[in-house]
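What follows is a short report on a single structure.
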There are 2 protein chains.
Amino acid sequence: MVRRRGARENRREEILLAALDVFAERGYTGASIASIAERVGLSQQGVLHYFPSKDRLLAEVLRLRDERNLDVLVLPGEGGAITLETVAGLVEYNAQRRGIVQSFTVLSAESVLEDHPARDFFKERYGTSRAWMAEVIRAELGDELPAGLTPEQAAPLMFAVMDGLQLQWLLAPDDIDMPGLFRAFLSLLRARRSVSE
Amino acid sequence: MVRRRGARENRREEILLAALDVFAERGYTGASIASIAERVGLSQQGVLHYFPSKDRLLAEVLRLRDERNLDVLVLPGEGGAITLETVAGLVEYNAQRRGIVQSFTVLSAESVLEDHPARDFFKERYGTSRAWMAEVIRAELGDELPAGLTPEQAAPLMFAVMDGLQLQWLLAPDDIDMPGLFRAFLSLLRARRSVSE
DNA sequence: CTCGCAACCTACCGACTATTCGGTAATCGT
DNA sequence: ACGATTACCGAATAGTCGGTAGGTTGCGAG
């Protein structure tokens, strides 16, 4: 059926990885198909042979990255449930993968623009992630968080801290201890209930 | 001396406001000088008569916006010091100014890219803002924060929460109560010290 | 009333953009 | 060996980009 078994899929993945790099360096708007093609030794038309448009290429890049991220998150939790410690581990892992963090920071912010091809992707992603994170928090800390917070409030705050720290870290890696600050936030959530006066 | 007193300055400001709008809609890379010019009824070269390059135009847009933001922050604190409540007020104010929030979210994320003209601006801005915010926190809450946090740790977390919430809010304004969640985070910082076991 | 300059404009440049069309060469199953 | 399919590439399309050069117009100062 297929000539060289999986040759097409290999080529496609090669292109996707190059595309992620270029998106990380220049953002989606600033990236050109030609520059991605150059990186894999193809012509611009060669890339478009595998992906019908720049939009679709972006969509597949995001899908692939999400799969891999899920691997990192789920693998350590093998056999056990995912905990806040697992999430802190992901932040630590990210601190060693600047390119990937940069691509997601830039692309997610870009996606808030009207008619951006990744808008729906990120909107849905945040929605489901928040619901899922709220359950992780509830499972570990219960319903009673400090200052009367609910897990449904803590979840969006958690992602806000992750994203916001990434931005500051990308601008000044030497000044920002991203994993340390994230753990500091976690300890804020884990603190025992407050004493009334 | 000047023909129409301040005519030039008025025109410049007109252009800056239009530029902020376009940057908010398309980001810096995606925005064209021509589209900004169209909005003020000039040709592309008319805009370049007032600002020598796109880079410089961006620089002045950011400077102007920062001034205005400072006004909002300082005005309510008239006579008194700036408090965490003032900051919460700024978040509330932002929740009514989608365009401005969007422009800053997109531009700050874009600025992490190599050779981006706004890189230094945002890097410096975050640096000074963190130092300043740490002092606001220390003045109001002292050195003893929940979970053993220092004001120097709380400050970057605070900006992370602000920025991260903005991103989620821009993607799903109906799902995210930005000011409410920010206040929830503040209450985490204000909670009394934990009871050991 | 004239000089000079500010405020624009048209015209243009070279480079780059995503995408389409029409090929060619290699390789596959048969 | 042969038709079909795949994997490309060259060239062209129809723009857009930021920026420059060189003008024209109209107002203000002298």
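So that the names make sense, note that chain A is the first sequence line, chain B the second, and so on, each numbered from 1. Only this structure's heavy atoms are used, side chains among them; waters, hydrogens and symmetry mates stay out. Note that the coordinates shown come from a computational prediction; the quantities given were computed from them, not determined experimentally.
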Are any of the side-chain nitrogens in [X] or [Y] under 4.0 Å away from the carboxylate oxygens of its partner?
X: B:Arg183; Y: B:Glu85; result: yes
X: A:Glu152; Y: A:Arg130; result: no
X: A:Glu140; Y: A:Arg190; result: yes

What is the separation between atom [atom1] on [X] and atom [atom2] on [N], rounded to the nearest whole Å?
X: B:Gln44; N: C:dA7; atom1: CD; atom2: C1'; answer: 17 Å
X: B:Leu48; N: C:dA7; atom1: CG; atom2: C1'; answer: 14 Å
X: A:Arg11; N: D:dT5; atom1: CZ; atom2: P; answer: 23 Å
X: A:Ile33; N: D:dC9; atom1: CD1; atom2: C1'; answer: 15 Å
X: B:Gln45; N: C:dA11; atom1: CD; atom2: P; answer: 11 Å
X: B:Arg12; N: C:dA7; atom1: CZ; atom2: P; answer: 10 Å
X: A:Asp55; N: C:dT17; atom1: CG; atom2: P; answer: 16 Å
X: A:Glu14; N: D:dA7; atom1: CD; atom2: P; answer: 13 Å

Q: Indicate, with a heavy-atom threshold strictly under 4.0 Å, whether B:Ala37 touches base, sugar-phosphate, or nothing.
A: nothing

For [N], does either OP1 or OP2 sit under 4.0 Å from a side-chain N or O belonging to [X]?
X: A:Ser32; N: C:dT17; value: yes
X: A:His49; N: D:dC8; value: no
X: B:Ser43; N: C:dC9; value: yes
X: A:Tyr50; N: D:dT6; value: no

Q) Would you find a donor on one side and an acceptor on the other, under 3.5 Å apart, between the side chain of B:Gln153 and the backbone of B:Thr150? A) yes

Q | Nucleotide nearest B:Ser53 (side chain, heavy atoms from C-beta), chosen from D:dA7, D:dG19, C:dT19 | A |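 Ranking D:dA7, D:dG19, C:dT19 by closest atom to the B:Ser53 side chain puts D:dG19 first.
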
Q: Look at the side chain of A:Leu42 and decide which nucleotide, out of D:dG18, C:dC9, D:dC9, has an atom nearest to it.
A: D:dC9

Q: Establish, from distance only, whether the side-chain atoms of A:Tyr126 and A:Asp163 form a donor-acceptor pair under 3.5 Å.
A: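 Side-chain D/A pair, A:Tyr126 to A:Asp163: present.
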
